[in-house]
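Data first, discussion second: the structure below is written as C-alpha cells.
In what follows, every chain begins at residue 1, and chains take the letters A, B, ... in the order their sequences are listed. A quick note: this is a predicted structure, and the numbers were derived from the prediction, not measured. Below, each value reflects all heavy atoms present in this structure, side chains not excepted, and no hydrogens, waters or symmetry copies.
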Amino acid sequence: MLNFRKIKDKLFLTFIFFGAFIALFPLFHIIFTLIIKGMPVIISRGTMFFTGTLSQGGIGPAIVGTFILAFLSSLIGIPIAFLVGLYIYEYPDSKVSEFVRGLLQIMLEFPTILVGVFVMDILVIPMGTYSALAGAFALAIIMMPYVSVYTAEAMRNIPYTYREASFSLGLNCFKTAFRILVPIAKRGIFTGILIAIAKVAGETAPLLFTAGGLYEIYPHGISAPVGAIPLLIYTLIQSPSSTDHATAWGASLVLLLVFIGVFIPIRLSLKEVKL
Amino acid sequence: MRYAIETRNLRISYGKKEVIMGVNFKIPEKVVFALMGPSGCGKSTLLRSFNRLLDLNKDANVSGQVLVFGRNIYSDNVDVMEIRRQVGMVFQYPNPFPHLSIYENIAIGLRLNKMVQTKEELDSRVKWALEKASLLEEVEDRLDDFPSSLSGGQKQRLVIARVLAMKPKILLLDEPTANVDPVGTKNIENLLFELKKEYTIVLVTHEPAQASRISDFVGFIYLGELVESGPTARIFENPQHELTDRYVRGILSIGDKNGRNTN
Amino acid sequence: MGEILIEKIENLKLNVLEMGELAVNMLKDAVLALKAQDINLAKEVIKKKEDIAKMDEQIEERALRMIALYHPVARDMRVIAAVLKMITYLARVGRYAKDIAKTAILMADEPHASKLVEIPYMSDKVVEMITDALNSFKKEDLSYLTNFSERDDEIDSLYYSIFRECLTYMMEDPKNITKCTHYIIVARYLERCGDHACKIAEKVHYMITGERIEIK
C-alpha cells in the first residue's frame, strides 16, 4: 500500500517537472538561439553595431529611437494615467469610476494594430508625415491602462489604517492622497510604470503606421519619422539580403538585453515592496 | 458641568443595518473613560463618530447629536478637519507612516496643517511631543531612523506623539494595546494615566481588566446599546445590570440577550 | 475562563457551609454537654476545635489564591470577600463552643440550678440565627435575613435576664456564686455568637446586593 503511494508521488513530481520543462523550453530556446545567432554579429561588427547607421551595419538610430519613443510616450501617457488611477482608487463607487474601469479593461485588451490605425488617422494623415510624436502617442495609448491599473492597485494595497491616520490628523483628501498615500505606494506605482514601459518598448504593430522608421540617420525631431528596434527587426527580416538578416539577429539580441535591463529592476523592486 | 463629549440619541447604521442604537453618553473632562464590550458590538464605530472619521465610510449614516465641549459636530457649518485636530485618534495597529522618519512622522502633520512658522518651532514642537509621549529619551539620538526599527509599544507611543503634536483636547484610543507586548502595554497604560491630567481620554478596550486598571469611568456597550455606565469602581464592584455583571466576570457569550437587572 | 472561577467559587461556598455546619454542631453539642453533664461529649467538642481551625486556614488559602490568580470582580469578588470574613466569625463560634464545653466539664460534678433552663433556649435561638445566615449564603436569598435585628435584640434581652437572675441567686446564697458566674459567662458566649450571626448576615447581604448594612 505504502509503496503504491510513493510511486504515485514520484510519478506526479516527475509529471510536474516535465510539464514545467516543456513550458519553459521555448523561453530558453529563444534566449539560447538569440545568443548563438546574435552574438557573432555584434562581436564581428564591434561597437559600430551600436553607434553606426544601417548602411554602416549598425542599429544606432533604432536604439536611440526606442529610447526616444519610450521617453515621449511616458511623458504623454503617464501623468494622465496616474491621475486616472488615483481617481478610480479614491472614488470606486461613482458611475464615472465604473465606466472608466470598463474602458481600461477594453484598452488593455485592444488590438494594438488598431491603435496604430487610429493614430495614423488623427495624426499622421493631417501632419502628412510619419513622426516620433505619432509613434509616442500610439504607445502612450497602449501604456495608459497599465499605469492606471497598477497605480490603483498599488494604492489599494496600502493598509486602510494609514488613510485613517492621515485623515485623523485633520488632512484633507488631496493632502492625504498626494503627500501621504502616494509616497507610501511609490514603489508599487513605479513598478507599474516600469512594467508598462517594458511592454511598450517591445511593441511593433502600433508603430507600423505611425513612427515610420528611420535607420540611416539619427532622429532629428518629434515631427519627423523615427525608428525603433522591434520595427527594425520586422523590416530587416523581410529583406532578401543576408547581411540584413544578420543585423536582425544582432538587433534581436540587443532588444532582449534592453528588456532584461528593464526587467531586473522590476523584479528587485517588487521584492522590496514591504509595508 | 461641561462635558467633553456628550451624545444625544446617537444612532449609526451601515446601509440598512443598525450598529449603534440610540446611545446617550456623558463623558466628563480630563478623565479616562473606557468603552468596553465584546468584539463587533460597535465600539470602534462609535469612537469614530466622535471625530467624524466615520465620514470616510460612505455607507455610514449618523443621526442624533455628538456634542464636543457643547458643540454638535454633526451640524452643518462645522470644520471637520479642525475637529479632527482637536479630537485626536490612536489606532489598533500602530501606524506611524512607514516611509517617513520618526522626526518626519510628527513633523508632517504640523507642516501640512501649517501649525508652525519656523524650523526652530517645528523642532521644539516635535521634541515636546516626543517628550509628552514618554518616547524622547528612547529615540532622541536616532530621530532620522524609520519607525520599522521601533518595537510595537514604541510605535504606538510615536503615534501618540504624532497626535499630541496637534495639541488636541481629547484623545480617542481604539484598543491601543491590542497589538503590543505586555511591557509596551504597561508603558502605554502608565502614559495614559499621566496624560489624563491634561487631556480627556476615551479608550476602547477589549479587555475589562484594562478598563478596571486605568479608567475612571466605564461604559459597557453590547450589541450597539449602552447597557450601563458609571464610575469604574462601582461597575466592577457591583454592576447593576445582569449583562454587565456577566461581561466583567468573563462569562458573557455573544448570543446572550438578557434584559434582567440584578437588583 | 470565568466559568472556571465560578466552579471554584461554588466549591469554596460548599467548604464554608461545611465549616458552618461544624461550628453549629459544636455549639449545640457543647450546650447539650453542659445540660446533661456529659463529659465525653464535651471532650469531643473540644477536639473538634482543631478541625475547625484547619478549615479556617484552608478556606482562607484557597480564597486568597483565587484572588491572586483570577482577579475576580463584581459578584465573584463579593462572594470571596464574604467568605474571608465568614470563616473568621465561624471560627470564633467554634472557639466559644469549645469554651462552653470546658465549662461543662468543670460543672459536671454538681447539680445545676434552675437557670440552666434559659441557656438551652437561648442557645437554640442563636443556632437558628447562624443557620439562617448560612442558608441565606447558600441560596443567595435575602428572605432568611429578615428580622435579624429583632432576633438579635431578643438574644440580648435573654442575656440580660439570665444575668439579673444569676445576680439574685448569688445575693441569696454565696454558695451559688461559682455556679452562677459560669452561667453568666456561658450566656455571654452565646450572646457573642448571636452577634457573629449578625455579622455573617451583614456580609451575606453585601454579597447579594453590593450594599453594606449594619444590623444592630
Side-chain angles (χ1 to χ4, degrees), chain A residues 82 85-101 150-193 268-275, chain B residues 44 47-48 50-59 79-100 104-115 146-148 155-156 158-168 170-175 179:
Chain A
F82 173 69
L86 280 188
Y87 180 82
I88 59 178
Y89 157 76
E90 192 71 37
Y91 303 102
D93 300 319
S94 75
K95 284 265 156 55
V96 177
S97 215
E98 278 179 49
F99 173 71
V100 167
R101 263 181 287 138
Y150 274 101
T151 297
E153 194 56 33
M155 294 294 281
R156 234 176 274 136
N157 277 334
I158 302 175
Y160 184 67
T161 188
Y162 293 117
R163 227 180 120 77
E164 283 199 297
S166 180
F167 276 104
S168 77
L169 289 173
L171 301 176
N172 61 20
C173 259
F174 284 119
K175 290 186 185 151
T176 297
F178 286 101
R179 300 297 296 268
I180 304 284
L181 295 179
V182 166
I184 293 181
K186 64 175 181 270
R187 276 223 176 84
I189 297 174
F190 185 63
T191 306
I193 291 175
L268 286 176
S269 84
L270 271 179
K271 270 206 192 127
E272 281 180 54
V273 176
K274 228 189 332 184
L275 281 166
Chain B
S44 290
L47 199 71
R48 279 164 176 72
F50 293 163
N51 66 349
R52 288 192 62 168
L53 205 61
L54 204 55
D55 294 3
L56 291 185
N57 188 324
K58 309 203 173 100
D59 297 324
D79 180 0
V80 177
M81 282 167 276
E82 181 57 36
I83 290 179
R84 292 187 187 142
R85 276 170 246 141
Q86 290 285 301
V87 182
M89 190 168 228
V90 175
F91 299 84
Q92 207 173 345
Y93 294 98
N95 58 7
F97 300 122
H99 64 301
L100 297 175
E104 272 307 309
N105 252 282
I106 304 176
I108 192 145
L110 292 168
R111 268 213 213 97
L112 294 180
N113 280 317
K114 301 204 176 68
M115 290 172 101
F146 286 93
S148 52
K155 279 194 190 130
Q156 211 50 316
L158 176 56
V159 170
I160 294 176
R162 185 174 69 187
V163 169
L164 291 176
M166 303 282 115
K167 298 234 161 128
I170 301 177
L171 297 178
L172 306 176
L173 297 114
D174 187 2
E175 300 196 26
N179 292 290

For F82(A), look at atom CZ and say whether over 12 heavy atoms of other residues, nucleotides or ligands are found less than 6.0 Å away. yes
Tell me, side chain or backbone of L112(B) under 4.5 Å from chain A's heavy atoms, or both, or neither? both
Within the structure provided, determine whether L169(A) and K175(A) are in side-chain contact (heavy-atom separation under 4.5 Å). no
Charged N-O contact under 4.0 Å between E98(A) and R101(A): no
Examine whether an atom of Y160(A) lies under 4.5 Å from a heavy atom of chain B, and if so say whether it belongs to the side chain, the backbone or both; otherwise answer neither. side chain
Nearest 0.5 Å, please: how far is CZ in R48(B) from CG in D174(B)? 5.0 Å
Quick one: which of N51(B), V90(B), V87(B), L56(B) has the most heavy-atom pairs under 4.5 Å with chain A, could you say? L56(B)
Tell me whether the count of non-hydrogen atoms from other residues, nucleotides or ligands lying under 6.0 Å of OH in Y150(A) goes above 12. no
By a 4.5 Å heavy-atom criterion (distance strictly below it), what part of P96(B) contacts chain A: side chain, backbone, both, or neither? backbone
Within a strict 4.5 Å, meaning less than it, do heavy atoms of the M166(B) and N113(B) side chains meet? yes
Checking M89(B) against chain A: side chain, backbone, both or neither under 4.5 Å from a heavy atom? both
Contact part of L172(B) toward chain A, heavy-atom cut-off under 4.5 Å: side chain, backbone, both or neither? neither
Which atoms of F91(B) come close to chain A, meaning under 4.5 Å heavy atom to heavy atom: side chain ones, backbone ones, both, or neither? side chain
